[in-house]
Amino acid sequence: MREILRLMQALQYALEGLVYLVKEQKNTRLLMVIMALTLIICPLLGFSGFQTAVVFLAVTITAVAEIINTAIEITLDLICNGKFHPRVKIAKDTASCAVLFCVFASVVVFLIILAQNIFA
Ligand SMILES: Nc1ncnc2c1ncn2[C@@H]1O[C@H](COP(=O)(O)OP(=O)(O)OP(=O)(O)O)[C@@H](O)[C@H]1O
C-alpha cells in the first residue's frame, strides 16, 4: 500500500513537471505538438504502423532531450546565480547540442522512411 502511495506521489510530481513545461517552455510545447502530429501525418503519408511508431519514438526522444536540457539549464542558473562562468557555458551548450543531435536524427529517420514509401 505504501509503495502504491509513493508511486502516486511520484506520478503527481511528474504531472506538476508536465504542467510547468506546457505553461513555460515553448520548445517542449512545440515538440509535444509535433509528437501528436506524427500520429496523424505519418499514417496519412502511407507509413505503416511500425514506421509511424519509429518516427513517433524519434520525436519523443527529442522531447525528452529538450526536457533534460531544461532541467540542466534551470539547475545551472540556480547554482551560478546570474554570474557568467565558462564551464556553465560549456555545460549549457553541450546539453543544447544533445537536443540538436536528436532533432537531426529525427529528421533523418523521417526522410528515410518517407523515401522508402515514395520509391517502394
Ligand atoms: N551563467 C552563464 N555562464 C556562462 N554562459 C552562460 C550563462 N548563462 C547562459 N550562458 C550562455 O548563453 C546561452 C543561452 O543561455 P540560456 O540559459 O538563455 O539558454 P537558451 O539556450 O537560450 O534556452 P532558453 O531559451 O530555453 O532559456 C547558453 O547556451 C550559454 O552559452
Side-chain angles (χ1 to χ4, degrees):
M1 188 64 191
R2 198 180 273 181
E3 283 305 309
I4 292 173
L5 280 175
R6 210 173 287 167
L7 261 173
M8 298 283 280
Q9 185 70 262
L11 181 65
Q12 191 198 325
Y13 293 147
L15 289 175
E16 284 173 18
L18 179 64
V19 169
Y20 166 78
L21 290 165
V22 170
K23 275 189 181 165
E24 305 290 338
Q25 296 294 328
K26 255 188 292 175
N27 292 348
T28 310
R29 216 164 39 221
L30 176 66
L31 284 162
M32 285 174 187
V33 171
I34 295 173
M35 278 169 66
L37 284 179
T38 57
L39 296 177
I40 300 166
I41 290 170
C42 291
L44 288 177
L45 289 170
F47 290 14
S48 68
F50 181 73
Q51 289 171 331
T52 301
V54 170
V55 175
F56 180 73
L57 186 63
V59 179
T60 302
I61 290 170
T62 308
V64 170
E66 177 58 29
I67 292 167
I68 294 170
N69 179 40
T70 300
I72 290 171
E73 268 182 17
I74 291 171
T75 308
L76 289 172
D77 286 344
L78 191 68
I79 292 169
C80 69
N81 204 13
K83 284 191 193 118
F84 182 88
H85 197 291
R87 289 208 161 185
V88 169
K89 177 169 171 54
I90 291 170
K92 282 194 172 189
D93 292 353
T94 49
S96 295
C97 187
V99 180
L100 186 66
F101 268 47
C102 290
V103 170
F104 178 73
S106 298
V107 172
V108 169
V109 163
F110 176 76
L111 290 178
I112 288 173
I113 295 175
L114 184 66
Q116 253 185 355
N117 280 275
I118 289 172
F119 300 114

Report whether [X] and [Y] are members of the same hydrophobic cluster (ILVMFWY, side-chain heavy atoms less than 4.5 Å apart, transitive linking).
| X | Y | answer |
| --- | --- | --- |
| Leu15 | Ile4 | no |
| Val55 | Val107 | yes |
| Ile113 | Leu111 | yes |
| Val22 | Leu11 | yes |
| Val108 | Leu45 | no |

Nearest-0.5 Å distance, [atom1] of residue [X] to [atom2] of residue [Y]:
| X | Y | atom1 | atom2 | answer |
| --- | --- | --- | --- | --- |
| Leu21 | Asn27 | CG | CG | 11.0 Å |
| Lys89 | Thr94 | NZ | OG1 | 10.5 Å |
| Phe101 | Thr62 | CZ | OG1 | 12.5 Å |
| Ile61 | Met35 | CD1 | CE | 10.5 Å |

Under 3.5 Å, side-chain donor or acceptor atoms of residues 69-86 against the rest of the protein: list the pairs with distances, not counting sequence neighbours.
| from | atom 1 | to | atom 2 | distance (Å) |
| --- | --- | --- | --- | --- |
| Thr70 | OG1 | Glu66 | O | 2.9 |
| Thr75 | OG1 | Ala71 | O | 2.7 |
| Asp77 | OD1 | Lys92 | NZ | 2.6 |
| His85 | ND1 | Arg87 | N | 3.1 |

Checking side-chain contact (heavy atoms from CB on, under 4.5 Å) between Phe56 and each of Val59, Thr60, Val54, which is the one that passes?
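So the option named by the test is Thr60.
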Begin with the C-alpha distance, continue with both residues' side-chain angles, and end with the deciding distance and a verdict on ring pair (Phe, Tyr, Trp, His ring centres under 6.0 Å) for Phe47 and Phe110.
CA-CA 10 Å; Phe47 290 14; Phe110 176 76; 5.8 Å; yes
Please report the shortest heavy-atom distance between Pro43 and Thr38, naming the atom on each side.
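What the structure gives for the nearest pair is CD-O, 3.7 Å.
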Closest non-hydrogen atom pair, Gln51 against Gly46:
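Smallest heavy-atom distance, with atoms named: OE1-O, 4.4 Å.
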Is the side chain of Arg29 donor-acceptor paired with the backbone N or O of Lys23 at a distance under 3.5 Å, no angle test?
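It does hold such a pair.
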Any donor-acceptor pair under 3.5 Å from Ser106 side chain to Ala58 backbone:
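Yes.
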Does Tyr20, at its OH atom, have more than 12 non-hydrogen atoms belonging to other residues, nucleotides or ligands within less than 6.0 Å?
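Yes, the 6.0 Å shell around OH holds more than 12 heavy atoms from other groups.
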